[in-house]
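What follows is a set of notes on a single structure, which appears directly below.
Because the structure is a prediction, the values reported are computed rather than measured.
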Amino acid sequence: MNQDDSKPGANFIRNLIDADQQAGKHGGRVTTRFPPEPNGYLHIGHVKSICLNFGIAKQYNGQCNLRFDDTNPAKESEEYVNAIKDDVSWLGFEWSGLHHASDYFDQLYDFAVDLIKQGKAYVDSSSAEEMRSMRGTLTEPGIESPYRNRTIEQNLELFASMKAGEFDDGEHILRAKIDMTSGNINMRDPALYRIRKISHVRTGDKWNIYPMYDFTHCLSDAIEGITHSLCTLEFADHRPLYDWVIDQLDTPCHPQQIEFARLQLEYTMLSKRRLIQLVNDKLVDGWDDPRMPTVLGLRRRGYTPESLKDFCERIGITKNDSVIEMAVLETCIRDDLNANAERRLAVLDPIKVVITSLPKEHSQTLSFQNHPQDESAGTRAYEFNREVYIEREDFAENPPPKYQRLVPGGEVRLRGCYIIKCTDVIKNDAGEIVELHCTHDPDTLGKKPEGRKVKGVVHWVSAKTSLTATIRLYDPLFSTSNPAAAESFESEVNVDSVTVMSNARIEPSLAQAAPETRFQFERTGYFVADRIDHSQQAPVFNRVVTLRDVWAKP
RNA sequence: UGGGCCGUCGCCAAGCGGUUAAGGCACCGGGUUUUGAUCCCGGCAUUCGGAGGUUCGAAUCCUCCCGGCCCAGCCA
């Protein structure tokens, strides 16, 4: 429904790039990159960054690379690399170049040697603890390492030996020689290379030393000709170092690092470390659990790429430390599915209704519209019999005020069918309602009843032709709006966040739905055929989101 | 209390010296409706964290103050 090329909203980064374009910076070229570390699955926070980087490249007819920041072999794996590529593709983005920071290890090493030759980097043989104690504190300057004045020749030799594997992890480290008294701790002789005698997914055992983020990222950007290097706010303090490294070395260009605020969403938590914890502690069923804020989780839940992109467009890009309400995300998927999902009937918690005014063998084929606002979606045949199921909560013996569904002696319309009147409530020995007896008004099919108004409309399925299905309903994974702020976020987990309706009844065609097909089950919400568990024999649907419901509001 | 960053409606967010201070979400009405959905129409900041100052004119410039976020990995 949305025209795909609607103008993106203004934000400070686009304003800045407009100014760069105006000034002819980079010859008018715009190149961005999305640079994840392959140490976990992507979540909706990454989607914000992906939409920004790819969106800007598209807007300015530029390029956007996908680059894996794989400089810490201890944490990274191929599994994550593949998952990240799948997620970006599923979102609908195509990267211009696919790179790995490890592709640049040779060049990076040469840059480091260059720095040593300029006297701007040195090998420090202090232990990690010693380094920490010499770094100073937030308010006190650090002190210089006793190894800071080694000669260029000594440094060159030591660094070569580090590379050759002559030392163990932690024995030495390559540091930039900047300023131990800087107010910015990142400038107090930051580490550039550390010894890590473990093999790397892509470079195997070739390297005994691996470059640090601060040395790698800026140079990788420069090597790729990135013009605008967009990252989150916590890297703002690293920008002076980013610029320092590039300024010392002979690089193809000097990208501009620009920081924006990370996404924060209510009732969830976007921290890789903690998401891993949820998975490992089995608080969720995996990275693709429909309650997870991961791309895989949102996908399985039924969110569409379009809805996520719409979400990113709506929340904007700023440096404000803002927290987005869940309602925004839900509105995005409702808007998409309202326009694009076909309607079906399904009863989550069925109760049988016998229409006693109809003969036992009554069978009638009705025609239902697949979409109320879109004729082109067509119609489908829908069978009506003497026995149907309606939602248990659509009948009330003692209705609350303003209840407009079925009550004893009351009338309600079966959606797309007749108006029925409840004549008897059948209970078992325990006093539970097991069945309702109703009569129908034969003169109300496709027309309003004579002389009275019947407000309530209730969805239903035929007892004879409907199929049993499993339908999962979800609530937020956390019971508090800011679980990350809690002492132990795991105690904030909402233990009742999944409700499995295993006796739901669905109209028969639904069993044939391909996995990941989305529908609106009228009056109960938007649902998706589960991409893993759904089959024709055992249909399984997940509720993506409920319909907006003014009546249900607390 | 060192350095960096941020404060515009309940939640986001445009705005960049002259606007009646956009828009979205949420909320509150009202209309249409065989989904209490959708859709439509209307309402919703005389005010921009606070106080001073500059200016004919300030959310936009200056000063001070208040509040919040980030940084002391051989993680990214």
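- Contacts of Thr318(A) with the nucleic acid, taken as non-hydrogen atoms under 4.0 Å apart, involve only primed sugar atoms and P, OP1 or OP2.
- Nucleic acid contact for Gln520(A): base, since at least one base atom lies under 4.0 Å from a heavy atom of the residue.
- Separating the CG atom of Asp374(A) from the P atom of U33(B) is a distance of 21 Å, rounded to the nearest angstrom.
- Atom C1' of nucleotide G23(B) and atom CG of Asp335(A) are separated by 15 Å, given to the nearest angstrom.
- At a threshold of 4.0 angstrom between heavy atoms, the contacts of Ile317(A) are confined to the sugar-phosphate backbone, with no base atom among them.
- Spacing between atom CD of Glu411(A) and atom C1' of U34(B) amounts to 14 Å, rounded to whole angstrom units.
- The one candidate from Asn155(A), Asp124(A), Asp189(A) that meets the side chain to side chain donor-acceptor pair (under 3.5 Å) condition with Arg175(A) is Asp124(A).
- Among the atoms of the strands shown, none is found under 4.0 Å from any heavy atom of Phe311(A).
- Between Tyr109(A) and Trp207(A), the angle of the ring planes lies from 30° to 60°, which puts this pair in the tilted group.
- Checked against A37(B), C25(B), G36(B), the side chain of Gln373(A) finds its nearest nucleotide in A37(B).
- Using the six-membered ring where Trp is involved, Phe521(A) and Phe527(A) have ring planes that are parallel, under 30° apart on the 30 and 60° scheme.
- Residue Thr331(A) has no polar side-chain atom (N or O) positioned under 4.0 Å from OP1 or OP2 of G24(B).
- A sub-4.0 Å separation between OP1 or OP2 of U35(B) and a side-chain N or O of Asn338(A) is absent.
- Place Glu325(A) and Gly456(A) on RNA chain B by their nearest nucleotides, and Glu325(A) ends up nearer the 5' end.
- Using a 4.0 Å cut-off between charged nitrogen and carboxylate oxygen, Glu411(A) and Arg452(A) count as a salt-bridge pair.
- Rounded to a whole angstrom, the distance from the C1' atom of U19(B) to that of A59(B) is 12 Å.
- A sub-4.0 Å separation between OP1 or OP2 of A13(B) and a side-chain N or O of Ser322(A) is present.
- Screening residues 319-330 of chain A for side chain to side chain donor-acceptor pair (under 3.5 Å) gives Gln264(A)-Asp321(A) as the qualifying pairs, with residues at least two apart or on separate chains.
- No engagement by Arg175(A) is indicated, since no non-hydrogen atom pair under 4.0 Å with the nucleic acid exists.
- Pairing for U60(B) is absent, judged as Watson-Crick or G-U wobble with the two contacts each under 3.5 Å.
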Going 5' to 3' along nucleotides 69-76 of chain B, which nucleotides have protein heavy atoms under 4.0 Å from the base (write B), which only from the sugar-phosphate (write S), and which from neither (write -)? SBBBSBBB
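- Of all heavy-atom pairs between Lys309(A) and Cys51(A), the closest is CG-SG, 3.8 Å.
- On the P atoms, U60(B) is 12 Å away from A51(B), given to the nearest whole Å.
- The Ile315(A) side chain lies nearest to C12(B) when the options are A37(B), C12(B), G15(B).
- Here the side chains of Leu298(A) and Val47(A) are not in contact, with every heavy-atom distance at 4.5 Å or above.
- For the pair Ile390(A) CD1 and U35(B) P, the interatomic distance rounds to 17 Å; values are reported in whole Å.
- Comparing A14(B) with G73(B), their C1' atoms are spaced 39 Å from each other, to the whole Å.
- One can find a donor-acceptor pair under 3.5 Å joining the base of U35(B) and the side-chain atoms of Arg343(A).
- Distances shown here put every side-chain N or O of Arg239(A) at or beyond 4.0 Å from the OP1 or OP2 atom of G4(B).
- The separation of C69(B) from U1(B), taken at their P atoms, amounts to 14 Å, rounded to a whole angstrom.
- Closest to the side chain of Ala327(A), from the set C25(B), U34(B), C16(B), is C25(B).
- Regarding Leu241(A), its CG atom lies at a distance of 14 Å from the C1' atom of G3(B), rounded to whole Å.
- In G52(B) the O4'-C1'-N dihedral to the base is more than 90° from 0, which defines an anti nucleotide.
- Taking atom P in both C9(B) and A13(B), one finds a spacing of 10 Å when rounded to whole Å.
- A gap of 26 Å separates the P atoms of G7(B) and C44(B), to the nearest Å.
- Nucleic acid contact for Val323(A): sugar-phosphate only, since backbone atoms but no base atoms lie under 4.0 Å from a heavy atom of the residue.
- Among the protein residues, Gly446(A) comes within range of the nucleic acid bases, having at least one heavy atom under 4.0 Å from a base atom.
- Pairing partner, G67(B): C6(B), with both Watson-Crick or wobble hydrogen-bond distances short of 3.5 Å.
- Rounded to an integer number of Å, the gap from Lys319(A) NZ to U8(B) P is 16 Å.
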Let's go through Phe384(A) and Tyr418(A) carefully: what are the C-alpha distance in whole Å and the side-chain angles of both, what is the deciding distance for ring-ring contact (aromatic ring centres under 6.0 Å, His included) to 0.1 Å, and is it a yes or a no? CA-CA 10 Å; Phe384(A) 172 57; Tyr418(A) 299 97; 5.7 Å; yes
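- Listed for the Asn184(A) side chain is a donor-acceptor partner under 3.5 Å among the backbone atoms of Asp237(A).
- Contact annotation for Lys402(A): base contact, defined as any heavy-atom pair under 4.0 Å involving a base atom.
- To the nearest angstrom, P of C12(B) lies 17 Å from CZ of Phe260(A).
- Comparing the P positions of A37(B) and A26(B) gives a spacing of 13 Å, expressed to the nearest Å.
- Here, U20(B) and C6(B) have their P atoms 29 Å apart, quoted to the whole Å.
- Nucleotide C48(B) has no partner under the Watson-Crick or G-U criteria, as no pair reaches both atom distances under 3.5 Å.
- Counting only heavy atoms from C-beta outward, the side chains of Lys453(A) and Lys455(A) never approach each other to under 4.5 Å.
- OP1 or OP2 of C6(B) has not a single side-chain nitrogen or oxygen of Asn320(A) nearer than 4.0 Å.
- Backbone-only engagement by Arg314(A) is indicated by non-hydrogen atom pairs under 4.0 Å involving sugar-phosphate atoms exclusively.
- One can place NZ of Lys448(A) at 11 Å from C1' of U32(B), the figure rounded to the nearest angstrom.
- Ring-plane geometry between Tyr210(A) and His200(A) is classed as parallel, the angle between the planes falling under 30 degrees on a 0 to 90 degree scale with a further cut at 60.
- Between Arg523(A) and G36(B) there is a side-chain polar atom (N or O) within less than 4.0 angstrom of OP1 or OP2.
- Under the Watson-Crick and G-U wobble criteria, each requiring two contacts below 3.5 Å, nucleotide U34(B) is left unpaired.
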